[in-house]
K.L.:
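So that we are looking at the same thing, I have put the structure below in structure tokens.
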Amino acid sequence: MSTAAPRFGLGFQSDKQTSDYERLAAAAEHYRFDVVSVYADLYFQPPLPALLAMARATSQVALGPACLNPFTIHPVEIAGQVTALDVASQGRAYLGLARGSWLSDLGIDQTGAPEAVAEAAAVVAALLKGDVSGVPGRRFFLPAGATLRQPALRPSVPLLIGTWGPRLAAIAGAIADEVKIGGSANPDMAALMRRWTGAGALTAGRATKPGIVVGAVTVVDEDAQLARSRARREVALYLDVVGRLDPTVEIPQELLADMGRALRESGPDEAARFIPDAVLDRFAFAGTPATVAEQAISLLEGGADRVEFGTPHGLTDDGGVELLGAKVLPAVREHFEGQ
């Protein structure tokens, strides 16, 4: 862990009403969360409307999408969106970029994805800065003279890159402010990501390294059994993908195959039966406030700089956010303040 104070975020799925976003973001600010993110998952609502609603209800917390991908939203459009959010939030926007998942189902070619994400970041950076010299690129580029019609509030915003892989992690080490491992609660993966990004920063001759953000499904409740049952169901929706991406966890391939088959044929309730406790703890925050606090402490001591607690937070959104803010965060902060 770095010497800086631990930081915390809340991640929300873009499946709510405007009033929900406003209320939950206000609660996040009340409990002194540092960042509120909205996912940009395929087939869900785009994150920008939710983030704009959150901007109206808050005045301090950082806001951003985690993460947009340039294969479905062109970097020029991404620059326009982050500019709009930065204006609405009065300078509190950050930008999350990732390669995206499941895009082959749409016939989208992601050849050279890590380099394409870097090109997209360069295009956005030039547009925010007002640099009209042009940006070269194989997949994404900007012609000389191109500029945003609505000037950006700031010449740059913090850049977060989401990845599980060493190639994009090395690129992020050279250009990003933060790197997020989405769908993980694994300290070993945080430590590995720190090494990957550190190598990229060193190669680029960069003095500072990006912060490591670890985020996953979170279900906190005073009833540990209910919390873990709900978390197991949520994790079943993505473990077949992320379980294969984490080189620090050995999950039997037959378990992933059985779980994936159950998910396709019967749904997440049946698939959840295949997830043992030890695996659940590597891919979700789940249990009582004390248990979730212990998980967060392990991550922060193991290499993370920020922990992002993801949807659904609890048995209800509001209940989960309240327990995280009123019980989990104070326990984690007290642990590190006492050192």
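The analysis underlying the following values was restricted to heavy atoms, covering all of them including side chains, and did not include hydrogens, waters or symmetry mates. Keep in mind it's a predicted model, so treat the numbers as computed, not measured. In this chain, numbering begins with 1 at the start of the sequence shown.
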K.L.:
Has R7 got a side-chain atom pairing as donor or acceptor with V307's backbone, closer than 3.5 angstrom?
P.N.:
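No; zero donor-acceptor contacts below 3.5 Å.
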K.L.:
Taking all atoms of both residues into account, what is the closest heavy-atom pair of F336 and I297, and its distance?
P.N.:
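That closest heavy-atom pairing would be CZ-O, 4.1 Å.
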K.L.:
Below 4.0 angstrom, N of the basic side chain to O of the carboxylate: do R167 and E115 qualify?
P.N.:
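Answer for the salt bridge query: yes.
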K.L.:
Counting only heavy atoms not in R32 (residues, nucleotides, ligands), do more than 12 fall under 6.0 Å from its CZ?
P.N.:
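Not buried by this count: 12 neighbours or fewer within 6.0 Å.
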K.L.:
Is a side-chain N or O of S37 found less than 3.5 angstrom from the main chain of G11, in a donor-acceptor match?
P.N.:
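Not a single qualifying donor-acceptor pair exists.
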K.L.:
Can you tell whether the side chains of R194 and D305 come within less than 4.0 Å, N to carboxylate O?
P.N.:
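Looking at R194 and D305, the cut-off is met.
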K.L.:
Indicate the atoms forming the closest heavy-atom contact of A236 with L263, along with that distance.
P.N.:
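Reported closest heavy-atom pair: O-CD2, 3.4 Å.
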K.L.:
Under the criterion side-chain hydrogen bond (donor to acceptor under 3.5 Å, both in side chains), which of D41, T311, D317 is the partner of Q13?
P.N.:
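For Q13, the side-chain hydrogen bond (donor to acceptor under 3.5 Å, both in side chains) test succeeds with only one of D41, T311, D317, which is D41.
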K.L.:
Looking at V321 and A27, what are the two nearest heavy atoms and their distance?
P.N.:
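Reported closest heavy-atom pair: CG1-CB, 4.0 Å.
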K.L.:
Are the side chain of E29 and the backbone N or O of S59 linked by a donor-acceptor pair below 3.5 Å?
P.N.:
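The answer is yes, because a donor-acceptor pair under 3.5 Å joins these two groups.
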K.L.:
How close do L127 and A146 get, counting heavy atoms only, and between which atoms?
P.N.:
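Nearest pair, atom of L127 first, then A146: CD2-O, 4.1 Å.
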K.L.:
What are the two closest heavy atoms between A152 and L128, and how far apart are they?
P.N.:
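So the two residues come closest at CB-O, 3.7 Å.
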K.L.:
Just checking, any donor-acceptor pair under 3.5 angstrom between side chains of T83 and D86?
P.N.:
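The criterion, which ignores hydrogens and geometry beyond distance, is not satisfied for D86 and T83.
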K.L.:
Thinking salt bridges, do D34 and R306 make one under a 4.0 Å N-O criterion?
P.N.:
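Answer for the salt bridge query: no.
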K.L.:
Is the shortest side-chain N to carboxylate O distance from D318 to R23 below 4.0 Å?
P.N.:
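Yes, D318 and R23 are salt-bridged.
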K.L.:
Do L329 and V332 belong to the same hydrophobic cluster, where Ile, Leu, Val, Met, Phe, Trp and Tyr are linked whenever their side-chain heavy atoms lie under 4.5 Å apart, directly or via other members?
P.N.:
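Both belong to a single hydrophobic cluster.
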K.L.:
Would the distance check show the side chain of W164 and the main-chain N or O of G182 forming a donor-acceptor pair, the cut-off being under 3.5 Å?
P.N.:
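Indeed, once roles are kept as given, a pair shorter than 3.5 Å links the two residues.
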K.L.:
Over all heavy atoms of both residues, which pair between L85 and G64 is shortest? Give the atoms and the distance, please.
P.N.:
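Closest approach of L85 to G64, heavy atoms only: CD2-CA, 4.1 Å.
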K.L.:
Is there a donor-acceptor contact under 3.5 Å linking the side chains of D246 and S184?
P.N.:
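No donor-acceptor contact under 3.5 Å links the two side chains.
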K.L.:
Donor-acceptor pair, Q295 side chain versus A284 backbone, under 3.5 Å?
P.N.:
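Between the backbone of A284 and the side chain of Q295 there is a qualifying donor-acceptor contact (under 3.5 Å).
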K.L.:
Among the clusters formed by ILVMFWY side chains lying less than 4.5 Å apart, do I181 and V241 turn up in the same one?
P.N.:
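Yes, because I181 and V241 connect within a single hydrophobic cluster, where side-chain heavy atoms sit under 4.5 Å apart.
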K.L.:
I'd like to know if Y39 and V82 are part of one continuous hydrophobic network [Ile/Leu/Val/Met/Phe/Trp/Tyr, side-chain heavy atoms within less than 4.5 Å].
P.N.:
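Different hydrophobic clusters.
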K.L.:
Checking the side chain of T208 only, and the main-chain atoms of R206 only, is there a donor and an acceptor separated by less than 3.5 Å?
P.N.:
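Side chain of T208 to backbone of R206, a donor-acceptor pair under 3.5 Å: no, none is there.
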K.L.:
In terms of side-chain geometry, is the basic nitrogen of K327 or E222 positioned less than 4.0 Å from the acidic oxygen of its partner?
P.N.:
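Yes, this pair counts.
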K.L.:
Do side-chain atoms of T58 reach the backbone of Q60 as a donor and acceptor pair under 3.5 angstrom?
P.N.:
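Answer holds: no.
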K.L.:
With a 4.0 Å cut-off on N to O distance, would you call E119 and R138 a salt bridge?
P.N.:
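Between R138 and E119 there is no salt bridge, as every charged N stays at least 4.0 Å from the carboxylate O atoms.
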K.L.:
With hydrophobic residues grouped by side-chain heavy-atom distances under 4.5 Å, do V217 and V242 end up in a single group?
P.N.:
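Same cluster: V217 reaches V242 through Ile, Leu, Val, Met, Phe, Trp or Tyr contacts under 4.5 Å.
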K.L.:
With a 3.5 Å cut-off and no angle check, do the side chains of E301 and H335 form a donor-acceptor pair?
P.N.:
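Yes, a side-chain donor-acceptor pair sits under 3.5 Å.
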K.L.:
State yes or no: are the ring centers of F285 and F309 separated by less than 6.0 Å?
P.N.:
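When the ring centroids of F285 and F309 are compared, they turn out to be within the sub-6.0 Å range.
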K.L.:
Show me, pair by pair, the donor-acceptor contacts under 3.5 angstrom made by side chains of residues 271-279, not counting sequence neighbours?
P.N.:
unit_1 : atom_1 : unit_2 : atom_2 : d
R273   : NE     : E270   : OE1    : 3.4
R273   : NE     : E270   : OE2    : 2.9
R273   : NH2    : E270   : OE2    : 2.6
D277   : OD1    : R228   : NH2    : 3.4
D277   : OD1    : R232   : NH2    : 2.5

K.L.:
Check this for me: does any side-chain nitrogen of one of D188 and R282 sit under 4.0 Å from a carboxylate oxygen of the other?
P.N.:
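So D188 pairs with R282 through a salt bridge.
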K.L.:
Please answer whether the main-chain N or O of G310 pairs with a side-chain N or O of T218 as donor and acceptor at a distance below 3.5 Å.
P.N.:
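Yes, the answer is positive, given that a donor and an acceptor are paired below the 3.5 Å cut-off.
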K.L.:
Taking Y21 for the side chain and L51 for the main chain, is one N or O donor matched with an acceptor at less than 3.5 Å?
P.N.:
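No; zero donor-acceptor contacts below 3.5 Å.
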K.L.:
Is it true that a side-chain atom of S229 and a backbone atom of Q225 form a donor plus acceptor pair closer than 3.5 Å?
P.N.:
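No: the side chain of S229 does not pair with the backbone of Q225.
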